Each structure stands twice: as C-alpha cells, then as structure tokens.
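Remarks on the structure that follows.
Just so we're clear, the structure is a prediction, and the values are computed from it rather than from any experiment.
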2 protein chains.
Amino acid sequence: MAITENTEVTETITNAEWCVMRIVWTLDEADSHTIIDLVSQQHDWKAATIKTLIGRLVKKGALATTKNGRQFIYTPLIPEQTAMDAALTGQLDQMCAMCRGQAFVHAIDQTELSQADIQELITHLQEKLATAPTMIACDCLPDGYKGSC
Amino acid sequence: MAITENTEVTETITNAEWCVMRIVWTLDEADSHTIIDLVSQQHDWKAATIKTLIGRLVKKGALATTKNGRQFIYTPLIPEQTAMDAALTGQLDQMCAMCRGQAFVHAIDQTELSQADIQELITHLQEKLATAPTMIACDCLPDGYKGSC
DNA sequence: GATTAGAGTTTACATCTGTAAACGTAAAGT
DNA sequence: ACTTTACGTTTACAGATGTAAACTCTAATC
C-alpha cells in the first residue's frame, strides 16, 4: 500500500496559503527560495510572511519536506484538484440547495473556460439530465418547515 | 434614486453568518425570536450565539432593521443570489485559471441540479462555446514564467 | 405601579488568519 | 578557524470568527 495517501482532506487551506500551494502545485517541487521569490512577485508580502505560510502548510500536512543539503524541497501532499474540489464543494454546501444551479450559471458566465472544458461540462450535464429531478427543494429551513428562496 | 441600494458587496459573510442569512432570505423578513428558533433547530448554538451573529450582520449592512414595538424585524439588505455569486467567484478566483473547468466538472458532478437548471447551464455553455478559447493558460506563476498545473 | 421577561447591546475569550520580526544554527565563503 | 549567509523555527500581534454569558432596558403582566 502507498505510504503517503491523503484521502482525508482534514485541514483547510486558507486564502493566503493557497498562493503558496499554487506555486508548489505548478512546479511540483520547489525549495523555499523559489517559493519566496515567485510568491513575492505576485503579492506584496515579506519573505518572513511566506516562510510562515510554508511552515503552516507543512504542519497541516499539505506540503511534504525532503532534506536537500542545508535546505528543504517542498512537494504537495494533497492534489490540487482535490483541494479545489473541497473548496468549491464546501462553499456550495453552505448555500441553499435550490439556488445552487443559478449560482453555477452565474459563476460559469464569469469564468473563462476552454472549448474542451465546455464540451466536457455539456456532456456531463447531458448525462445528468437523464436522472435529474424536476426540482430541488429549498433546504434553508429546518425539517418540517416549507419555504423557498 | 433608491435609498438602500447595495451594489458593492463590501463585507464578507462568514460561514456561521450564512446560516442566519439563509433563514432571513428564505422568510424575507423575520424577528429575532423566529431566527433564533429556526437556526437553533439546525445548529447546536445557544440563543446568545445567534444574537451575536444577527448583530454582526446588522453592523455589516447585510441585514436591515425595522422597529416593531419592542423588537425588530430583520430583512436582507443584500440579495441571496449576489452573495452566492460573490462567494463562488471569490473561491474560483483563487484557483488556477487553467483548472477551473475541471473544478466545475467535479462540483457539478456532486451537486443535485434540477432539469431546468441543467438545461439552462447547457444553453449558457453552448453559447459560451462559440467564443471560447482553445485553451486557458495556467496563471499560477508570475508573469514571464511559463508552467502548467 | 412594581415586577418580570424578553429583545437588543456589551463584554469575553479562545482560535484562526494575515502579516512579520527575531532567533538559532548549520553551511559557505575567506 | 572565523565570519557571514541563509534556511527553518519561534515568537508577536492585530483583526476576524465561533461561541456565549452578562447586562440594560422597555414593554407586558400582576
């Protein structure tokens, strides 16, 4: 069995931490110098700030460290797609079930998507359509109360 | 001109606050007794906790108050759809532009959607397809560096 | 009219986040 | 060997967030 599987997305990655993770996800592995260099070109943060974020991510189990001479090489322990999925789903779970569809409509309107992604989305949606319910009930009120947004 | 337009979504609504807002959005207006009653059926929070959340939402300008005898009637000052839109978009803006399409695929897979919503999404996507780029570049690294997730 | 109850306000407090300086230590240069 | 770097760790600190008790009134009750 694999040694470092991370199925459980235990800890949450904060906004600032996302910026660090994105660098490491993209490079797949990076030393702190590289991370600090790249992140500070995107955000007006001191090196110390980025060091803190790296440290917190290691403690959270989002980044792994491999000793390389005097320094570390950082690698992602949780897949980018998993983190994105959890972040989006977490946000959606908080919203009224009845309104999620509209939220998607708006979000998709405002997001640049590639032709391939759009195709894939259409395909998935068409499949989903087959078994889709006529309507989704509002789940904002406790069980037993009816109401709709 | 209208008196209480709230175009600017200044303050953020926190997770706990969302639970209160959902009740008010759904009922359209509610007194604190009702809010406390309904919210505490969904969450194991003391009345005091919910009072705090209501207070913070009023201070943030998310809820309006109208005096009604000794108590207040609370009404939403920001539309639910606007808040949902901002929440989703904010989350997406944090993720790699190249990966957002996949994030949508996963999110949509895990969300129950009505037939009508799916139809609408397909229509929007088909329209989008016409002007969609072949691919979206990864924007995780600072300008000048190329790399892809 | 005195008392009580309930609505809103203040205060409290631990944890999480964003932001960063200070520090210890081992490697690298001289 | 001695000093300077530079990497990772510790400490700091204000503001946001989750969670809730305490307090102050005004309105309703006896």
Spacing of [X] atom [atom1] relative to [N] atom [atom2], expressed in whole Å:
| X | N | atom1 | atom2 | value |
| --- | --- | --- | --- | --- |
| A:Trp18 | C:dT17 | CH2 | P | 14 Å |
| B:Ile35 | C:dG6 | CD1 | C1' | 15 Å |
| A:Lys59 | D:dT9 | NZ | P | 10 Å |
| B:Ile36 | C:dA7 | CD1 | C1' | 8 Å |
| B:Gln71 | D:dA27 | CD | C1' | 11 Å |
| B:His33 | D:dA27 | NE2 | P | 19 Å |
| B:Phe72 | C:dG6 | CZ | C1' | 14 Å |
| B:Leu57 | C:dG8 | CG | C1' | 15 Å |

Short heteroatom pairs, N/O only, protein and nucleotides 25-30 of chain C, under 3.5 Å:
unit_1, atom_1, unit_2, atom_2, d
C:dA28, OP1, A:Arg70, NH1, 2.6

For B:Asp31 and B:Thr34, which I'm curious about, is there any donor-acceptor pair between the side chains at under 3.5 Å?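 Their side chains do contain a donor-acceptor pair, which is all the 3.5 Å distance test asks for.
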Nearest heavy-atom pair of B:Ala87 and A:Gln91: which atoms, and what distance?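 Heavy atoms of B:Ala87 and A:Gln91 come nearest at CB-OE1, 3.4 Å.
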Would you call [X] and [Y] a side-chain contact if the rule is heavy atoms closer than 4.5 Å?
| X | Y | answer |
| --- | --- | --- |
| B:Trp25 | B:Ile78 | yes |
| B:Val39 | B:Trp45 | yes |
| B:Leu27 | A:Leu141 | yes |

Angle between ring planes, A:Phe72 versus A:Tyr74, binned at 30° and 60°: parallel, tilted or perpendicular?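 If you compare the ring of A:Phe72 with that of A:Tyr74, the planes turn out perpendicular.
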Tell me which one of A:Ile35, A:Thr26, A:Leu63 satisfies side-chain contact (heavy atoms from CB on, under 4.5 Å) with A:Met21.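 The option that passes is A:Leu63.
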Set of salt bridge (Lys or Arg N to Asp or Glu O under 4.0 Å) partners for A:Glu120, sequence neighbours left out: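 Not a single residue meets the salt bridge (Lys or Arg N to Asp or Glu O under 4.0 Å) criterion with A:Glu120.
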Using a 4.0 Å heavy-atom cut-off, write out nucleotides 13-24 of chain D from 5' to 3' as B (base contacted by protein), S (sugar-phosphate only) or - (no contact). ----SBBBB---
One pair to check against salt bridge (charged side-chain N to carboxylate O under 4.0 Å, His left out): A:Arg22 and A:Glu80. What are the steps and the verdict? CA-CA 8 Å; A:Arg22 285 179 64 178; A:Glu80 178 165 27; 5.4 Å; no
